[in-house]
Engineer: 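Would you mind keeping the following structure in view while I ask a few things?
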Amino acid sequence: MSKTPSDNTFQAIISHAKEYGFVFPSSEIYDGLSAVYDYGPYGSQLKKNIRDYWWMCMTQMNENIVGIDAAIFMHPTTWKASGHVDGFSDPLIDNKDSKKRYRVDHLIEGHAEKLIEKGDAAGAEKIVADMDALLANDDFDGLKKLIEDNKIHCAVSGTGNWTDIRQFNLMFSTELGSVAEDANTIYLRPETAQGIFVNFLNVQKTARMKIPFGIAQTGKAFRNEIVARQFIFRMREFEQMEMQFFIKPGTQKEWYEHWKSERMKWHLSLGITADKYRFHDHVKLAHYADAAVDIEYEFPFGFKEVEGIHSRTDFDLTRHQEFSKKKLQYFDTEINQHYVPYVIETSIGLDRMFLLILSNSYEEETINKEDGTTDSRVVLHLPARIAPNKLAILPLTKKDGLPELAKELMDECKKSFHCFYEEKDAIGKRYRRQDAIGTPFCVTIDHQTKEDGTVTIRYRDSMLQERIELKKVKELVLAHIS
RNA sequence: GCGAAAGUAGCUCAUUUGGUAGAGCACGACCUUGCCAAGGUCGGGGUGGCCGGUUCGAGCCCGGUCUUUCGCUCCA
């Protein structure tokens, strides 16, 4: 049962995902759309199972966490308050020789500092003033001319061989309103968190929550990444599972540690070994955070972030107070005081978690058979509780009344979990097909079943078989998936 | 965005220098069988990513484009 890591593993996983109906390139008949993917029959079920497991662990296992489902569209001012409008729409320029990319304002300001060093303070002041005027008008041609006229060169290549200036805006925009005259630019949310912050008081009051408490949410978010790559790891449309935990100011350190440890426990609860995970502390913090850590997993292409835990302070709620002119405060009856709560955020990418599960489960296994020959199989060791199919029900033959018995079992079990029925092909081949989609259990109905009411149950990972009573099948499977 | 490589059946890949495409597995039907990818017969499936050029003739040569992977870059 050894893993077979190789340069081809990632390619093999992508092929497997497509061949068995987990993930397809989007709009494939039109050549696909860059970095957009669709989830197929088994993929959508697996994704839903991961989401449901997260949701259950958050909202069901924690009495002080409740869920919401906020809209993707939000009032445009939301993104001014959050810092997304101003922070992430900077014009950029590339040097063609060094391939180095600069923020235009950084490049020009750097040049101005050099002028000051040379004693030309007036020249520096003028160029910065010119830049500000051009930036205010979004005059990219003028900015490029400013760079060229002042002979600003790249620090790496030393040349002035520049591309045109481009604006990279992180957020996708569209228009709300029927006609252009009263059209209002609105954005597709680049993170789900803001839907939680703006609903803070609604939730706190209606669910009668007392601090500390959390609000959980899953949903799509959209980021116009300059480069989106590596299969479903970085997509422009993706799904987040976020929980914002509201706490008393000053207690953020302990809650940050609490959630850091709780979230790692969640990952390990899926049976993934600890050596595939590591924490990565942020040195450079985002504008909203006073501490941040990534949970990284060793993908076939290296350790990469799956989840982030951020201590967001009172940044978001305070900003929304300022921009909305509405108080977003909590009255703490223990200390008889109003305050803006601090927030610890846990934010995990569902698509990344999906890829993690797929990467961790995929194995090309070589089997040594009793007669000395070897055989191979591709198996997905999916955790039973999130596998798309839980149980395959296979009559050994399609006659002698075996299909009828199998269908009775099917009817009994399918109300409780996903079952798969098949009578085609030899039994070994049917087992292997289930291995490839990660079904943890197969039961075979044979002639002996008619005599003594027992069946063979076959375990995916060990390939071992044992006879159990037909009527115990359902409870055995349930015991493994709950 | 820059650079490199690739794109032929659902998947993995052949098709030696240009002469209108094949295999294995997979898929469907039937027969034989019946506890770890069994055998047989038959069958479905490809305007060779797409567009254009050169040529009597292009999967193969040339240009463009789309998509993917890798390296830079980017990633609050």
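Chain A is the first sequence line, chain B the second, and so forth, proteins listed ahead of strands; every chain is numbered from 1. All heavy atoms count here, side chains included; hydrogens, waters and symmetry mates do not.
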Engineer: Closest approach to the side chain of I427(A), judged atom by atom: which nucleotide of C35(B), A76(B), C70(B) is it?
Structural biologist: C35(B)

Engineer: Can you check whether Y187(A) and F172(A) have ring centres sitting under 6.0 Å from each other?
Structural biologist: no

Engineer: How far, in whole Å, is G22(B) from G43(B) if one measures between their P atoms?
Structural biologist: 15 Å

Engineer: Where the side chain of R229(A) is concerned, which of G3(B), A76(B), C35(B) is the nearest nucleotide?
Structural biologist: G3(B)

Engineer: With a 4.0 Å cut-off on heavy atoms, is A436(A) in touch with a base, just the backbone sugar-phosphate, or nothing at all?
Structural biologist: nothing

Engineer: Taking the six-membered ring of W266(A), is the NZ or CZ of R263(A) close enough (under 6.0 Å from the centre) and on axis enough (within 45°)?
Structural biologist: yes

Engineer: On a whole-Å scale, what distance lies between the C1' atoms belonging to C31(B) and A21(B)?
Structural biologist: 32 Å

Engineer: Taking pairing as Watson-Crick or G-U wobble with both contacts under 3.5 Å, can you name the mate of G52(B), or confirm there isn't one?
Structural biologist: C62(B)

Engineer: Rounded to whole angstrom units, what separation is found between the NE2 atom of H447(A) and the P atom of U33(B)?
Structural biologist: 12 Å

Engineer: If pairing requires Watson-Crick or G-U wobble contacts with both distances under 3.5 Å, which nucleotide is the partner of C75(B)?
Structural biologist: none

Engineer: OP1, OP2 of U68(B) versus side-chain N and O of S34(A): anything below 4.0 Å?
Structural biologist: yes

Engineer: Quick one: on RNA chain B, does F231(A) or Y459(A) contact a more 5' nucleotide (nearest heavy atom)?
Structural biologist: Y459(A)

Engineer: Can you tell me if Y297(A) and N360(A) form a side-chain donor-acceptor pair at under 3.5 Å?
Structural biologist: yes

Engineer: Assign Y20(A) to base, sugar-phosphate, or nothing according to its heavy-atom contacts below 4.0 angstrom with the strands shown.
Structural biologist: nothing

Engineer: Looking at K450(A) and E408(A), is there a salt bridge between them, counting it only when a charged N and a carboxylate O are closer than 4.0 Å?
Structural biologist: no

Engineer: In whole Å, what separates the C1' atom of A14(B) from that of G46(B)?
Structural biologist: 15 Å

Engineer: Considering every strand and a 4.0 Å limit on heavy-atom distances, what is the contact class for D435(A): base, sugar-phosphate, or nothing?
Structural biologist: nothing

Engineer: Mind calculating the distance between CD (Q11(A)) and C1' (C13(B)) to the nearest angstrom?
Structural biologist: 14 Å

Engineer: In whole angstroms, how far is the C1' atom of C36(B) from the CD atom of E422(A)?
Structural biologist: 14 Å

Engineer: Quick check for you: among U69(B), C35(B), C27(B), whose closest atom lies nearest to any side-chain atom of L396(A)?
Structural biologist: C35(B)

Engineer: With no angle test and no hydrogens, is the base of C36(B) tied to the side chain of R458(A) by a donor-acceptor pair under 3.5 Å?
Structural biologist: yes

Engineer: Between the base of C11(B) and the side chain of S15(A), is one N or O donor paired with an acceptor at under 3.5 angstrom?
Structural biologist: no

Engineer: Can you confirm whether the side chains of Q194(A) and H84(A) place a donor and an acceptor under 3.5 Å from each other?
Structural biologist: no

Engineer: Looking for any heavy atom pair under 4.0 Å, which part of the strands does Y37(A) touch: base, sugar-phosphate only, or nothing?
Structural biologist: sugar-phosphate

Engineer: Check whether NZ of the Lys or CZ of the Arg K260(A) lies under 6.0 Å from the centre of the six-membered ring of F279(A) and within 45 degrees of that ring's axis.
Structural biologist: yes

Engineer: For atom P, what is the distance between C27(B) and G63(B), given to the nearest Å?
Structural biologist: 42 Å

Engineer: Can the positive tip of R458(A) be found less than 6.0 Å from the middle of the six-membered ring of Y431(A), inside 45° of the ring normal?
Structural biologist: yes

Engineer: What is the distance from NE2 of H310(A) to P of A76(B), rounded to the nearest Å?
Structural biologist: 9 Å

Engineer: So that I know where these two stand, are F301(A) and F299(A) an aromatic pair - ring centroids less than 6.0 Å apart?
Structural biologist: yes

Engineer: I need the CD1-P distance between I309(A) and A76(B), as an integer number of Å.
Structural biologist: 16 Å

Engineer: Can you measure I13(A) atom CD1 to C70(B) atom P for me and round it to whole angstrom units?
Structural biologist: 12 Å

Engineer: Reckon R223(A) touches a base, only the sugar-phosphate, or nothing at all at heavy-atom distances under 4.0 Å?
Structural biologist: base

Engineer: Among the candidates G49(B), A26(B), C36(B), find the nucleotide nearest to the side-chain atoms of K429(A).
Structural biologist: A26(B)

Engineer: Between P on C25(B) and CZ on R433(A), what's the gap in Å once rounded to a whole number?
Structural biologist: 14 Å

Engineer: Which of the following nucleotides, C36(B), A76(B), C11(B), is nearest to the side chain of P190(A)?
Structural biologist: A76(B)

Engineer: Tell me whether the side-chain N/O atoms of R234(A) come closer than 4.0 Å to OP1 or OP2 in U68(B).
Structural biologist: no

Engineer: Out of A76(B), C11(B), U68(B), which nucleotide sits closest to the side chain of H84(A)?
Structural biologist: A76(B)

Engineer: Given that both distances must come in under 3.5 Å, which nucleotide forms a Watson-Crick or G-U wobble pair with A4(B)?
Structural biologist: U69(B)

Engineer: Has H258(A) got more than 12 heavy atoms of other residues, nucleotides or ligands less than 6.0 Å from its NE2?
Structural biologist: yes

Engineer: Ignoring backbone atoms, establish whether K18(A) has a side-chain N or O less than 4.0 Å from OP1 or OP2 of G10(B).
Structural biologist: no

Engineer: Which value, in whole Å, describes the distance between the C1' atoms of nucleotides G1(B) and G28(B)?
Structural biologist: 47 Å

Engineer: Round to a whole Å and report the spacing from CD of Q194(A) to P of A76(B).
Structural biologist: 15 Å

Engineer: Out of C35(B), A29(B), A37(B), which nucleotide sits closest to the side chain of K424(A)?
Structural biologist: A29(B)

Engineer: Regarding E191(A), tell me which of base, sugar-phosphate or nothing describes its non-hydrogen contacts under 4.0 Å with the strands shown.
Structural biologist: base

Engineer: Write down the distance separating the P atoms in U16(B) and U73(B), rounded off to the nearest Å.
Structural biologist: 41 Å

Engineer: I want to confirm an ordering. Mapping I445(A) and L33(A) to their closest nucleotides on RNA chain B, which one lands closer to the 5' end?
Structural biologist: I445(A)

Engineer: May I ask which nucleotide in the shown strands pairs with A29(B), Watson-Crick or G-U wobble, both distances under 3.5 Å?
Structural biologist: U41(B)

Engineer: Distance between the C1' atoms of A58(B) and C62(B), in whole angstroms?
Structural biologist: 11 Å

Engineer: Taking the P atom in each of C74(B) and G53(B), what is the distance between them to the nearest angstrom?
Structural biologist: 42 Å

Engineer: For C35(B), does the base pair up with any side-chain atom of Y431(A) as donor and acceptor (N or O, under 3.5 Å, distance only)?
Structural biologist: yes

Engineer: Looking at every strand, decide which applies to T397(A) at a 4.0 Å heavy-atom threshold: base, sugar-phosphate, or nothing.
Structural biologist: base

